[in-house]
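First the structure, in the form of structure tokens, and then the observations on it.
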2 protein chains.
Amino acid sequence: MAKTVSSPPKPAERITIREVAQDAGVSVAAVSKVLRDAYGVSDALRAKVRASMDKLNYRPRASARGMRGKTYTLGLIFPDLRNPFFADVYAGVNSALERTQYQAMQGFSTTPAALIEAMIDRQMDGLILIGPNESAASLAATGARLPLVTIGQHDKSGDGYDTVNNDDQLGARLVVRHLVGNGFRNIAMLSLMQPASTVIEQRELGYRLEMMEQKCGGTINIVRAPQVVRDVQVAVRRLLESKERPDAIFCWTDLMAFEAISVAVDLGLSVPDDIAIVGYDNTMFCDFAQNSLTSVDQSGELLGLQAARLVVERIDGRSAADHFTVPPRIVARNSSRPRKPI
Amino acid sequence: MAKTVSSPPKPAERITIREVAQDAGVSVAAVSKVLRDAYGVSDALRAKVRASMDKLNYRPRASARGMRGKTYTLGLIFPDLRNPFFADVYAGVNSALERTQYQAMQGFSTTPAALIEAMIDRQMDGLILIGPNESAASLAATGARLPLVTIGQHDKSGDGYDTVNNDDQLGARLVVRHLVGNGFRNIAMLSLMQPASTVIEQRELGYRLEMMEQKCGGTINIVRAPQVVRDVQVAVRRLLESKERPDAIFCWTDLMAFEAISVAVDLGLSVPDDIAIVGYDNTMFCDFAQNSLTSVDQSGELLGLQAARLVVERIDGRSAADHFTVPPRIVARNSSRPRKPI
DNA sequence: CTGAAAGCGCTTACAG
DNA sequence: CTGAAAGCGCTTACAG
């Protein structure tokens, strides 16, 4: 390898608004206005400035803009990077932002509170939190500091931030209805062990209510496991080896459902003839024949799209809270098909 | 919903360096130096300033810092969000940055070139590109503008940026050796259809060379498919339905391998008794019993960790290129175990 | 070791 | 509709 010691990259001598102004023969204020599509510039001036910007290949610096105005950057915070569902959400956010000056940047951290601070330090114009663990009060406090939209958080008590949700209660009901319709009655729910999540509340509530309505109240059984491979396996194994083994397990996410299938296969059980499995998120892995997993589609892309729309509205001045709900949809596959009659 | 029209979030009246200076009874320059751990401040002054910063809960604003110095923000660009392998890389980057002031922000776009510009507009201190499609010349041009490290890009001809790589040629060789050792000889490779990737070159080369060395040169067969579910399925189906069906398929990624297993299952074939399958990345899904996929571990976390280390070194002034290579490791599972003797 | 002053590249009232 | 000037919160020479 040649060891040419070149000087480290320079701060890139970029074109500034001043040079554009000079080239166009106008003031810097005029250029700034064109840049922000602000009110009060003539078409002629705008055209002149645009021409100079193109000619000089001008690009505004976000830090400088951030000093007085906006950075045109939105922060995205996911709880888990391994779940492909979040890629759908991100895609939706991006498609909403496509024709705007905004850019979404995603951060990940094991300490979300610190990450929110880091985002604020970097003057994100707005924040989209997916599946936040924070309390409504804590979210309201964040919402008072910058435009905030949550995805997967059902507490709409405050006016300080917007929410976008899948109707989780209905989602759980659809699963129970589907399973009962296919002949399963002893349906266990493998839920998530996590403090204070309104999504968990809603989904468990939907499960309970629908089990009652379907006259399956006697076999209501909720088991909670943390999002950790080992713990999920232990929980599933316990369910599958119990005296009164359930007919079916409704799992928190597709990821957990794949683990459940794995444990069942390891135990020599057949899905769905010995045990039916249903997931949540309808990720692309559900389609693979070795999984063929029935799942609830919560339209991740639509959730992301709406969240981005709402956060931009907030940035533009809306102060009353807005809430958007997406209806869930069950996608039936082999993992829960009716059992072969004996 | 109550429609209390509160004013939109204010720009958050934050504590500035000036107020810290006043509280500590020193100049703003002194505070700035403490902030950057810069040379030339007495312990006494540093302690005073630290105390005031803590007391006032001071946090520096990245935009203001960026105006003159660094933003303490690193850009991460992934080619694909659905592949859980990238979560490992991200985890490695984060763990390298844990005790520093740097924060990694991940962007995703279908137009990587535009995303790089957006990152530069936002004055990222450095960039980590994972699996870039850009040419070495184009990367060198970017490396001249800001500190740059690539992951998964074997062209080390330039001095303008650092590279971190898994030894992909060796990885492919390990797969062929493993399969031949388990009795498979007609081994096809399902590679990626994409213009100009040195990773593809290296992996295909390793496959070819090792097939020759193992006296399997006669059955060398490389099929390329784009990273699209439908195309992968068609390619696999064609392989599995061909007159001279291979014994084994070495797939580009675990994702493609899972699709291959899916097609095999759909065709009523047994893995590995009819067809062995091997993947690449050793993602967590490989462990599930329904996949039980043999795969090459390329230590995503280590790749991310090293990349972060190198980019920070570049930011700190290193100008000679550095290159880091991680040895691959094959993890054998059911999908390629020796066939039952007939 | 410490500090006063200039300036980074924008946006924002404000005056014309 | 247009522009001159102030200022956002830091860092960077430079002087003491």
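In what follows, chains are A, B, ... by sequence order, proteins preceding strands, each numbered from 1. This structure is a prediction, so every number in the text was calculated from the model and none was measured.
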Pairs under 3.5 angstrom, nitrogen or oxygen only, protein versus nucleotides 7-10 of chain C, please.
residue : atom : partner  : partner atom : Å
dC8(C)  : O4'  : Arg68(B) : NH1          : 3.1
dG9(C)  : OP1  : Arg61(A) : NH1          : 3.4
dC10(C) : OP1  : Tyr58(A) : OH           : 3.0
dC10(C) : OP2  : Ile17(A) : N            : 2.8
dC10(C) : O5'  : Tyr58(A) : OH           : 3.1

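- Evaluation of the side-chain hydrogen bond (donor to acceptor under 3.5 Å, both in side chains) rule for Asp80(B) yields no partner, not counting sequence neighbours.
- Under the ring-ring contact (aromatic ring centres under 6.0 Å, His included) criterion, Phe324(B) pairs with no residue, sequence neighbours left out.
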Original post:
What dot-bracket string describes DNA chain C from 5' to 3', counting Watson-Crick and G-U wobble pairs whose defining distances are under 3.5 Å, with [ ] for crossing pairs and | for pairs to another strand?
Top reply: |||.||||||||.|||
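- Using a 4.0 Å heavy-atom cutoff across all strands shown, Val31(A) reaches no nucleic acid atom at all.
- For Asp121(B), the side-chain contact (heavy atoms from CB on, under 4.5 Å) test picks out Arg14(A), Arg59(A), with sequence neighbours left out.
- Of the two residues near DNA chain D, Ser27(A) and Tyr72(B), the one whose nearest nucleotide lies more 5' is Ser27(A).
- Spacing between atom CG of Asp43(B) and atom C1' of dC1(C) amounts to 11 Å, rounded to whole angstrom units.
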Collect all protein-nucleotide pairs involving nucleotides 14-16 of chain D in which both atoms are nitrogen or oxygen and the distance is under 3.5 Å.
none

Check residues 92-99 of chain A and write down every donor-acceptor pair under 3.5 Å in which the side-chain atom is one partner and the other belongs to a residue at least two apart or another chain.
residue  : atom : partner   : partner atom : Å
Asn94(A) : ND2  : Phe108(B) : O            : 3.1
Ser95(A) : OG   : Gly92(A)  : O            : 3.2

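- Distance from the side chain of Leu45(A) is smallest to dT2(D) among dT2(D), dG3(C), dT2(C).
- Listed by chain and residue number, nothing satisfies the side-chain hydrogen bond (donor to acceptor under 3.5 Å, both in side chains) test with Arg68(B) (two or more places apart in sequence, or in another chain).
- Every residue two or more places apart in sequence or in another chain that forms a side-chain hydrogen bond (donor to acceptor under 3.5 Å, both in side chains) with Arg36(A) is listed here: Ser32(A).
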Could you pull out every donor-acceptor pair under 3.5 Å between side chains of residues 128-141 of chain A and any protein atom, sequence neighbours left out?
residue   : atom : partner   : partner atom : Å
Asn133(A) : OD1  : Gln194(A) : NE2          : 2.6
Ser135(A) : OG   : Ser138(A) : N            : 3.1

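- Scanning for side-chain contact (heavy atoms from CB on, under 4.5 Å) contacts around Asp43(A) gives Arg46(A), with sequence neighbours left out.
- Applying the side-chain hydrogen bond (donor to acceptor under 3.5 Å, both in side chains) criterion to Asn165(A), with sequence neighbours excluded, gives no partner residue.
- Side-chain atoms of Ser63(A) and Gln123(B) include a donor-acceptor pair closer than 3.5 Å.
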